[in-house]
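Both backbone and side-chain heavy atoms feed into the values below; hydrogens, waters and symmetry mates do not.
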Amino acid sequence: MARTSLIPPLNNGEQDVYYLNVFPDCNNNGKSDVLDIQNRLSGDTNFNHLPDSCENISVKGDLDGDRDVDQLDLNVILAARNKPASGVNDPRDLDKNGVINALDVRKLTLVCTRSRCAV
């Protein structure tokens, strides 16, 4: 979705000038998607210049289902640290060694989509 704003001209007898500002803002946060990605407020794991939150994709390491990898996902692993994985497909066991541990935390930090894995 593109957000547009139209600034009306001054009514002072001079030539009318309109300014049109168009930029993509698919997540409707009032900021350009390009700036969201550039400032790492939104992830773009497939590098198509659309925030992952606006696409129907799965993001490796996204354990809470919000299409980014951040502190919330780290918290999911930290809450289960040093416990056995629930099975071979446990998404928290990123290294697939059967245990949720510091190695999984490290692997997740390498794929964070936000600066410093912030929320």
Side-chain angles (χ1 to χ4, degrees):
M1 174 183 289
R3 182 179 295 268
T4 60
S5 60
L6 186 62
I7 301 171
L10 298 174
N11 194 2
N12 60 6
E14 296 179 4
Q15 182 178 1
D16 294 341
V17 177
Y18 290 86
Y19 296 95
L20 182 63
N21 183 13
V22 179
F23 59 89
D25 183 22
C26 71
N27 54 10
N28 294 316
N29 67 353
K31 297 177 185 167
S32 164
D33 294 338
V34 174
L35 291 177
D36 284 345
I37 294 167
Q38 179 182 337
N39 295 327
R40 298 190 74 173
L41 300 173
S42 294
D44 184 22
T45 55
N46 58 0
F47 304 105
N48 66 351
H49 308 291
L50 289 173
D52 293 334
S53 61
C54 298
E55 299 181 273
N56 188 17
I57 62 171
S58 63
V59 177
K60 182 180 178 179
D62 177 22
L63 302 175
D64 62 358
D66 63 354
R67 295 189 207 113
D68 67 1
V69 181
D70 57 17
Q71 184 65 48
L72 298 175
D73 301 295
L74 279 171
N75 291 345
V76 171
I77 291 180
L78 291 171
R81 191 170 46 175
N82 299 323
K83 295 180 181 171
S86 63
V88 294
N89 293 322
D90 190 329
R92 301 168 300 173
D93 186 17
L94 296 173
D95 62 359
K96 302 298 180 198
N97 69 353
V99 179
I100 301 161
N101 57 23
L103 296 174
D104 300 304
V105 172
R106 177 67 181 137
K107 278 191 157 239
L108 191 68
T109 59
L110 294 174
V111 295
C112 281
T113 57
R114 295 181 182 245
S115 181
R116 302 174 129 191
C117 253
V119 176

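- A side-chain donor-acceptor contact under 3.5 Å links Asp52 to the backbone of Thr45.
- Val105 is listed as a side-chain neighbour of Leu78, based on a closest heavy-atom distance under 4.5 Å.
- With hydrogens and angles disregarded, a donor-acceptor distance shorter than 3.5 Å links the side chain of Asp104 to the backbone of Asn101.
- Atom NZ of Lys60 is surrounded by 12 or fewer heavy atoms from other residues, nucleotides or ligands within 6.0 Å.
- At a threshold of 4.5 Å between non-hydrogen side-chain atoms, the residues Asn39 and Lys31 do not count as touching.
- For Val76, the side-chain contact (heavy atoms from CB on, under 4.5 Å) partners are Leu63, Arg92, not counting sequence neighbours.
- In this view, Asp70 and Arg114 satisfy the salt bridge (charged side-chain N to carboxylate O under 4.0 Å, His left out) rule, not counting sequence neighbours.
- One finds the CG atom of Leu72 at 6.5 Å from the CG atom of Asp66 (value rounded to the nearest 0.5 Å).
- Under a 3.5 Å cut-off, the side chain of Asp33 and the backbone N or O of Pro51 do not form any donor-acceptor pair.
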Inset, instruction - Walk me through it: do Leu74 and Thr109 pass the test side chain to side chain contact (heavy atoms under 4.5 Å, CB included)? - result: CA-CA 8 Å; Leu74 279 171; Thr109 59; 3.8 Å; yes
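- Residue Cys54 holds its SG atom at 10.0 Å from CG of Asp44, rounded to the nearest 0.5 Å.
- Among residue pairs with one or both ends in residues 73-85, those qualifying as side-chain hydrogen bond (donor to acceptor under 3.5 Å, both in side chains) are Gln71-Asn75; sequence neighbours excluded.
- Considering only heavy atoms from C-beta on, Ile77 comes within 4.5 Å of Leu94 through its side chain.
- Of the possible donor and acceptor atoms, one in the side chain of Thr113 sits under 3.5 Å from a partner among the backbone N and O of Val69.
- Contact record, Lys96 with Val88: NZ-O, 3.4 Å, taken as the closest heavy-atom pair.
- A donor-acceptor pair under 3.5 Å is formed between the side chain of Asn97 and the backbone N or O of Val99.
- Counting all heavy atoms, side chain and backbone alike, Arg67 lies closest to Asp62 at N-OD2, 2.6 Å.
- The backbone N or O of Gly98 sits less than 3.5 Å from a side-chain atom of Asp93, completing a donor-acceptor pair.
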